[in-house]
Each structure stands twice: as structure tokens, then as C-alpha cells.
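Proteins come first, then strands; the chains are lettered A, B, ... in the order of their sequence lines, and each starts at number 1.
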There are 2 protein chains.
Amino acid sequence: MAGRERRPVTIYEVADRAGVSIATVSRALRDSELVAPPTRRRVQRVAEELRFRPSRAGRALAEGQHAANGIVFPDLSGPYYAEVVLGYEEVVAELGRSVLILATQGRDNAAELVAELAGRVDGMVIMGRTVDDATVARIADTGLPLVLLARPRVGLVDTVTADNTDSARALTGHLLGHGHRELAFLGDPARSPDVAGRFAGFSAALADAGLDPVEPVRSEFDVRSGYTAARELLSRGRTRPEAVVCANDEVALGALRAAEDLGLSVPGDLALTGWDDIMASHYARLTTVHQAMRELGATAARWLDERISGVAAGARHEVLPTRLVIRASCGSHHDRPDE
Amino acid sequence: MAGRERRPVTIYEVADRAGVSIATVSRALRDSELVAPPTRRRVQRVAEELRFRPSRAGRALAEGQHAANGIVFPDLSGPYYAEVVLGYEEVVAELGRSVLILATQGRDNAAELVAELAGRVDGMVIMGRTVDDATVARIADTGLPLVLLARPRVGLVDTVTADNTDSARALTGHLLGHGHRELAFLGDPARSPDVAGRFAGFSAALADAGLDPVEPVRSEFDVRSGYTAARELLSRGRTRPEAVVCANDEVALGALRAAEDLGLSVPGDLALTGWDDIMASHYARLTTVHQAMRELGATAARWLDERISGVAAGARHEVLPTRLVIRASCGSHHDRPDE
DNA sequence: TCCGTCATTGGAAGCGCTTACATTCGCCGT
DNA sequence: ACGGCGAATGTAAGCGCTTCCAATGACGGA
């Protein structure tokens, strides 16, 4: 019964048992056309009996193809990346390929891991905030098909991003439309290309309105550091801002809690906006920006596939549009949640 | 510059350029001990110049090992699975192996995909609600190391789950403690082992209190179907329940919205509980059950590794504890959110 | 000075599969 | 009745790597 140490069944054993050559087995199990129907059936039956499962390594080596694509992202803890990865997986699996994932968050040897991943796939998607441009360039230089997601261009590599700057400008404009004049930005443009774009749009809107530029208040991407940074920002007495544009929803949610703790009402005393439209934001009545995350992943997957099959021509760059989601937190007159 | 069609560099070219044999290259790049330092340096320099990246397929074939683990889950859209996968990835990557993912949601050929995946990994984790027991048994029978996550035992396969029944019993008991007597269960025990366990605990608590058993009200796992099912349930006049235990937070959130739309106050007219403690539940003041999802994934990863390296003995089964998170929606006297 | 040792390197087999090419054989046309 | 053709199958050459074993050569002890 189920021996402890069992070597996997190989094509040779199937061939033996079916009384044919390994070539015939291979053919019977794949290009069914080239094999006489009775033979094919026999081989398939034997393969089934033996629980034969062709080794991908053998096949990959023979075909010179892994039939697998990779995706590199910072982490999966927020809903953001999970959605992107899901959109990616969906398309890639549909193309008959497997998906390798790599989360770089908190790993100091990310570049090395990415290089290692590169050796197992036919192409990969690299998201912003994972590895530096030099690493990307090095891999691209290797000839491996690549698509960058939510990060600035590097060389001639394809790029798919969601709009940040224009939306940020519109969002900030909306805030200004409410009469707010003392604005702050919570997030660190240096930490992520997305945040950099958002801050740029924020700044542009200030300039449009003839306001003085402001320095960003640095914060990580999670609720906790949003809370900490906001608490600090909101405590400095007379210079307290009327509105805070946050780098993402989690930070905004942290800021929201900080405001509560300080006895400030939102949006009464303070307007607040986030980014990403995560589910929690709906319930927190948070004004935010919605991105088609799944679509981002799916698009990247399709483009990568075109690169792999050599269809694609020159480098392509696409910016997917985003959508403002106005809820109560920005001081809007709506104070029922959106649909 | 950067020719279109570039074959990947192989170990042979490196050997040529460095003036050594491929054996030496292989050694220089791995067991640095066995090669004279000057030779090693030279080889490494050439490898670097050539951007040599060993083909994993070749290596896998030679070593008889993929150095990769798989994980199969229903989907990634809720925060639940994303967290589990993240915990898994973290540990697996630490062990120097790659992670292959497979989402079965909405795919009719899941069994086939899982079998295919089995051919590329040294072991894999299969979560509940993905493929049926027969498929699991078939793969286990192949000798491939397996760990089941959040699903009932199959044969002698290791199993890691979070407690469902006891927590459901406690949760339901809590509801009863508030004086509610007309309870309903929203979710489909047949759709997932987790839900089955939760319903069992729910039923047990009813029995404990000497109440009549109730039929579950079927619902999928998403907000929308929670809404639909709840709307239906809450509309049937005189038999309207006082409290609804939902299969997960998303369903509960849908029910919450349905209640709002029907003009019912929560918890005034209706008590509501969820499961999973997703972020949105915090803001919706939803009473729920918290599971250590990351830990689930991490534990599964570690166990799988022990199976792969042949350390582990007989089949092991672990049930990770969960924690009740009491918030306002169940009619508790607390109506401030927890910390 | 000779031989055994050991460090270093090369030769070559083999991992499991695909596929170009060779072989076999039944069948048709003439 | 024979040549030829095509369908069915077999043979064998790799794919890129690891690793066992053999070969080489320097060095130290006797």
C-alpha cells in the first residue's frame, strides 16, 4: 500500500507496459493525430493505470520552454496586489501556462530572487517597489520577455500602469472645490512610483489654484504608519491642515482613526481621501480613487504573452484610467455611501 | 543592440569562454569549495559577463527536484486567501523554493489543472473548495507530498485547519446570551467544508439551548449574494429572524446592506455576525471570528517541507484556534469598535 | 629520487521528454 | 505481380544541467 519512497513513473515504464516506444507514448499523450486510435487508447489506459504524470522538467528541457510565467510584487497583504495577481493568474492559466509568484516585501535579496525566478519562466511581470531599475535592465538584457506594472519605463520594456497624476490632480481639485486651502499629502513619493505620481498630481493641483507647494508627510503604506504620521501631523497646533490627501486607503484609514482619537470630526474638521477603493473604504465612507486592478494584471498578462510568442513589435506603454469615488470623508454634500 | 532573438546562454558557452569544462563551471557556481579560488573567480566573472542564468529545467531534470512548491486555492478576491497565500509564500521562499499558484474559482477543469501543477512541483498545498477528494486521493497516491488546508482529511494526508465548529458554537452562544431566540444561518454548508463546520457549531449551540434546528439559507461567499439571500430572508414577514449568523464577513456585509435597505437597524432590529475578520468588518462594526490566516499558510508550508524532505512520520492534523471579535453588530453592549 | 596523496579538473553518463528521421508494412494502381 | 506511397511506429539525438569517476599534476615523505 502506497510505498514510502516512490520514484515518479516515467514515460519509459508506460512505454514498456503498453508495448510501444516512448515516442509513441509521447505522441499518444499529446498529438493524438499521429497515432492509431487503438494504440492511443491502450497507451492512455496504461498511463492512467500507472498514474503517469509527465515531468515538466523533462518537457521544458526538450521544448526549451517552461510554459510558466512569473509575477513579482511587493506583498499581498492589501487587497490591491491580490487583485492584480488574480487578474494575472486568470489570463495566464487560460493560456495554458503556470504562474510563479514572488513577494519581495521585507526581503533584502530581492534582486537575487528575481534572477532566480527568471530562470524558471518564459517571461515575467515586475511591479513597482520591488527591485530597482538596474535589476530590471539586467534581466531585460538577458532577452527574457518582461512587462512592467505600475512602475516607470526602463529601457524598451513594455509598461502598464494605472493613472496616478491626473486622478490625483482631479481629486485635489475636488478638495479645493470644497473650499479647503490648507492641504497636506500623507505618503512617501520616494517609496513608490505610484505615490510619486499621486504627489505630482497633488502638487499640480495646488499650483493650478495658485497655492504654495507643500512637502509630503512621509508614511509607509499600512494603517499603522498612517495613524502614526497623521497623529503627528494633526497634533501640530495652528498649522493643522484642513484636508489630507493620503497615498492609499490604508494610510487614510489610519489617519481617520488618528483624527477620531484626537477628537476631530471627519469631514467636519478634516477632509480625508485615500486611494485604491479597498472594501473597507466603503464602510469608512472614504473618498478614494478606484483602479481596475484586475484589469491591470490581465493586461500585463496578455502583453507578456504577446512578447513571449514574439507577436509584439516595439515597446508599448498603456495608462489605464481610474475613477474618483466621492464619499463623505472629503466634505462632499453626499453623505450616503456610493453604490 | 540587444538582438531580437537571443537564445539563452548555456553552461557550455560559459565553459568555453572561461576555458574550463562544464563540470567546473557547474561547481564554481554552486559548491565553491571544490574549485580553486582563481578558477572560481574567473568562471564567475565570465558567467556574469555573459549574464548566464542556469536553466532551472536542466537542473531540475538532473537533480530530480523542482525546488518549487504549489498552492491551490479557490480564488484570491477576498482578503482571506490572499493572506494564506502570503504566509505560504513567505515560508516557502525562505526555504529557497519557488511558489506556483493555481486559482480554481470558475474553472471547470480544475482537476486537470491541479494534475498539471503536480508535474511541476515537489509538493503542494490544496485548500478546501477547490477539487474533490477523488482528485486529492489520486495525487496523493502518486507519492507527491501534500498538505490539505481548511478541508477535511483525505486518506493519510496531513491537514491544517482553523477551528470552525467550536468558534461557531461559542459565537452562537454569545448571540443566545443576548436573548435572541430566532436565529438563522446564512451560507451553504455544502459549498465548503469551512461553512459546514460553522453550521455544525451553530446547530450545536441551538441544541445546547434546547432550540429547534433550523435550515441554512443558502448563499455564495460574496457580498452580492449575501445581500440577495438576506433580502429574501428578511422580507418574509412574521418569521423574520432576530439574529443571523453568516458564513463569512462578505456575506454579513451584504446582509447588513440588505437590512439597511429594508429599514432595519443593526443591531436594534437584527443582530448580525460574520467570519474572517476582514478589514472592512472593522469599519462596519461587525462581530466576527478572527483566524490566523497567515499562520495557516505558514504552517502548511512548513509541514509540506517536512514531508518533502522526508522528515515527517505519520499523518498529522492540526486545528488552529480562532478568536471571537465582538463588535456592535451582534447586539453587544460595546458599541465602540475593538482595538 | 620515487611513490602515494590530495587538490583540481575533465570526461561522460544520465535525468525524462520531444521530435527529426528511419523503418516497416499493408494496400493500391497498373 | 510489383513498385511505390502513406500510415504507424521505432530509433536516437539532443535539451542544459549535476555528479560519479577518472585523469592529471604538484608536493611531501621515505
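The CD1 atom of B:Ile22 sits 12 Å away from the P atom of C:dA13 (whole-angstrom rounding). Rounded to an integer number of Å, the gap from A:Arg40 CZ to D:dT9 P is 10 Å. Protein atom CD of A:Glu63 is 18 Å distant from nucleotide atom P of D:dG14, rounded to whole Å. In this structure, A:Leu61 atom CG and C:dG14 atom P are separated by 17 Å, rounded to whole Å. Atoms CG (B:Leu34) and C1' (D:dC20) sit 13 Å apart, rounded to a whole Å. At whole-Å resolution of the value, CZ in B:Arg27 and C1' in C:dT9 are 6 Å apart.
Checking B:Tyr12 against B:Arg17 by side-chain atom types alone, no donor-acceptor pair falls below 3.5 Å. Side-chain contact check for A:Arg120 and B:Ser98: at least one donor-acceptor pair (N or O, by modelled atom type) lies under 3.5 Å.
Under the side chain to side chain donor-acceptor pair (under 3.5 Å) rule, A:Asp122 has a single partner from A:His66, A:Arg307, A:Arg97, which is A:Arg97.
In this model, no side-chain donor or acceptor of A:Tyr12 finds a partner on the base of C:dC15 within 3.5 Å. No hydrogens or angles were tested; on distance alone, nothing pairs the side chain of A:Arg56 with the base of C:dG16 as donor and acceptor under 3.5 Å.
Counting non-hydrogen atoms under 4.0 angstrom, A:Thr24 reaches the backbone sugars and phosphates but no base.
B:Phe73 does not carry B:Arg129 over the face of its six-membered ring by the limits of under 6.0 Å from the centre and within 45° of the normal.
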